[in-house]
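Report on one structure; see the data block that follows.
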Amino acid sequence: MSVTLEAGAPSGASPPAGDDAIVTEGLTKRFKGGQVAVDALDLAVPRGSVYGFLGPNGSGKTTTIRMLLGLVTPTSGSYSVVPLPRVGALVEGPAFYPYLSGEANLMRYDAADPTAPRRTARTRVAAALDRVGLSAAAAKRYRHYSLGMRQRLAIAAALLGPRELLILDEPTNGLDPQGTREVRSLVKEIAADGTTVFVSSHLLGEVEHMCTHAAIMRAGRLVAQGTIASLNGGRAPRVRVETPDGADAARVLRGLGLSAVAHDGHEVSADLGGHATERLNASLVEAGVAVRGLSVVRPSLEEVFVGLTGEGFDVEG
Amino acid sequence: MSKVEPEVRDVEAGEPPRGGGPRRIPGLVPVAESRLTAEVGPRADLPGRIALQGPPALPVPTQDGGTGPVSAFLRMLGSELSLTFRRPRNLAMLAVLAVVPVILGVVLRLMGDDLADGPGGLIQQVTGNGFFLSFISLSALVPLLMPVAVAVVAADSVAGEASAGTLRYLLAAPAGRTRLLAVKYVNAVLFCLAVASAVSLAALVTGLILFPAGPVTLLSGVAIPLGDALLRMLIVIGYVTAGMAALAAVALALSTLTEAPIGAIAATVVLVISTQVLRVIPQLDVVQPYLLPNWWGDFDAVLRDPIAFDDLSSGLLAFGAYILLFGSLAWARFTSKDITS
């Protein structure tokens, strides 16, 4: 069911065999009323990556995920994704039966999967609960779970079977900093096992922390995708020197072979290249430059994002 | 970049791809194939199918004894039944329905002589033979109270999951839309059976305790042994269940139209009440045969000798038509709708 085909000739841009966990081509969703939620989306999510799907609220991330899971029918375009029983998903927050225990809730979702063996259900449920640290609350009714526990139960549900792909829609929404850290380390752990993780977020910091790849959405359109490094635009980290002797400092840095030296009053900056900052500092002081401050500035995804979208954005702490 | 060609797409897990050949994006064939194979048995050998090329498919536990389509369906049905029959609301409805015959029986026992409706009247018959309490009880409950109980369960079945958000997780599991709908309907029908059985059993037990038992005199004057009468009671339970199952199909169709379970339940109940009203307007005689409640009360055909199977079968035909029509509507709607809840 996960494979969508165009009626015409097979698509020319077929993914290389087995290399991608998700591929979409021209994927478009226009809701009744004409609102275009997703517009000609071309995604390629490599297997084994932790793929950040980034964009402001309302930029079409959740609609895309719903299409990938077969919940929403695309208006046009195609997508292909790992078969659903091998996809674990958290979509728009946890949803469970409040009067059932955490364990009974997971048994319920497991029973809905026609490929899940009944014989191993209890073991797999227990393992999933253990993995998210909910074993102690397994018999407790979902109604009495805290927000963080609910989120963790939803992640446990996504881990019920052997998964090749994990789709996590805003997994840290509503979590406290402790819970956020737990989710991040869980994602890293899962990715270390070779599972592809597709994580949507409106938090840049989160994507920078967790992901190897990212795509940036804006108003239903993809504005950039690639590895985090390539998204940073190859922009090298820069060294920034605060000094009253700006001109001297600039001369010293040029002399050491640093490129793109910029001099602006009491501040001098240059591409760091392969230089060690402590050596730079020593050379500056040796040349009689009074150094007030020395720092390395790494380009952040935030700058890239703002550059691409020109929109305000929630930036995490 | 934007492609607008119509697309061909497998809607249902396990369904063969429509539109003929197995055109797929090559990269994902092996794994998809392994899943299809796991679900519908050996299909990899069908002609024209690209079977298991490329990297070896991941092992899917097929020979587990728990993943055949039938056993997987039963497992999901079991999960559904345990939700339905453990839910306090549903148990309370069953209990209330089962208490009605007891109350009726006690009232008739205490005041039967004052209420007597003359020889041959139903009340007279109950006080003469406890067996008839079940008929009185069903006649009292079938027009409205039993339909309400059925509406609550059947109309809640899809809309309730949608409003709780659990529908998206069931479908992502992936439960399969047709499969989920089938489970929901079978579950609703079994609840109808539980409702009909609970009322009949409670009435029989109460009737046989409070009133004399013995050979049952039918409407046509013939007396049959109590054992035979109990067998006929099974036919009654089956007929009433079928009538309620037809209503459940209507409720299920309404349930796929909304994310508000209370809306679907209210719509079903309003439908029952308004058709009951239409039935008693003499000028509307012509539409009567098309109204579902018109057929619900015909279970007293078993009180004739021989049983008036003609009456029963025309009722069953009407129920079957309703189930087919509204089942198709529910399916058409549910398999095509966008799940945005």
Side-chain angles (χ1 to χ4, degrees), chain A residues 1-8 10-11 14-20 23 25-26 28 31 39-40 42 66 69-74 76-78 80-87 89 91-93 95-100 107-120 157 162 164, chain B residues 1-15 17 19 23-32 34-35 38-39 54-55 58 60-61 64-67 69 71-73 75-76 78-79 83 87-88 164-176 179-180 336 338-340:
Chain A
M1 127 174 206
S2 331
V3 182
T4 303
L5 302 162
E6 314 232 2
S11 153
S14 297
D19 278 1
D20 287 313
V23 176
E25 282 166 31
T28 300
F31 281 111
D39 193 359
D42 294 316
R66 282 180 181 271
L69 294 173
L71 298 174
V72 165
T73 314
S76 63
S78 67
S80 72
V81 65
V82 165
L84 282 192
R86 300 203 156 252
V87 177
V91 201
E92 263 185 287
F96 291 97
Y97 304 85
Y99 43 90
L100 294 185
M107 288 296 284
R108 164 84 175 152
Y109 285 145
D110 193 65
D113 177 356
T115 65
R118 180 202 291 257
R119 195 171 52 82
T120 57
E164 288 171 38
Chain B
M1 190 59 66
S2 67
K3 295 171 183 153
V4 286
E5 302 99 301
E7 38 129 2
V8 177
R9 148 158 208 251
D10 284 350
V11 174
E12 208 42 60
E15 237 176 51
R23 272 202 310 264
R24 327 183 137 176
I25 293 174
L28 296 161
V29 164
V31 193
S34 75
R35 186 179 115 263
E39 274 178 20
L58 281 142
V60 173
D64 216 292
T67 48
S71 120
F73 184 89
R75 180 175 176 215
M76 194 172 161
S79 160
L83 277 190
R87 192 154 174 185
T166 44
L167 185 59
R168 63 175 184 267
Y169 284 106
L170 289 175
L171 291 179
R179 196 167 153 266
L180 179 60
S336 64
D338 283 346
I339 309 295
T340 50

Check whether [X] gets within reach of chain B through its side chain, its backbone, both or neither, counting any heavy atom under 4.5 Å.
| X | answer |
| --- | --- |
| A:Arg66 | side chain |
| A:Tyr109 | both |
| A:Tyr97 | both |

The interface call for B:Leu83 against chain A, heavy-atom contacts under 4.5 Å, is side chain

Counterpart residues, salt bridge (charged side-chain N to carboxylate O under 4.0 Å, His left out), relative to A:Asp110 (two or more places apart):
A:Arg124, B:Arg75

Looking only at non-hydrogen atoms, find the nearest pair between [X] and [Y] and report the distance.
| X | Y | value |
| --- | --- | --- |
| A:Ala95 | B:Arg168 | CB-NH2, 3.9 Å |
| A:Leu69 | B:Ala172 | CD1-CB, 4.3 Å |
| A:Val72 | B:Asp338 | CA-OD1, 3.4 Å |
| B:Arg179 | A:Ala111 | NH2-O, 4.2 Å |

Interatomic distance, B:Leu171 atom CG to A:Leu84 atom CG [nearest 0.5 angstrom]
10.0 Å

So CG of A:Asp113 and OH of B:Tyr169: to nearest 0.5 Å the spacing works out to 15.5 Å

Would you check if the side chain of A:Arg108 reaches a backbone N or O of B:Leu170 as a donor-acceptor pair within less than 3.5 Å?
no

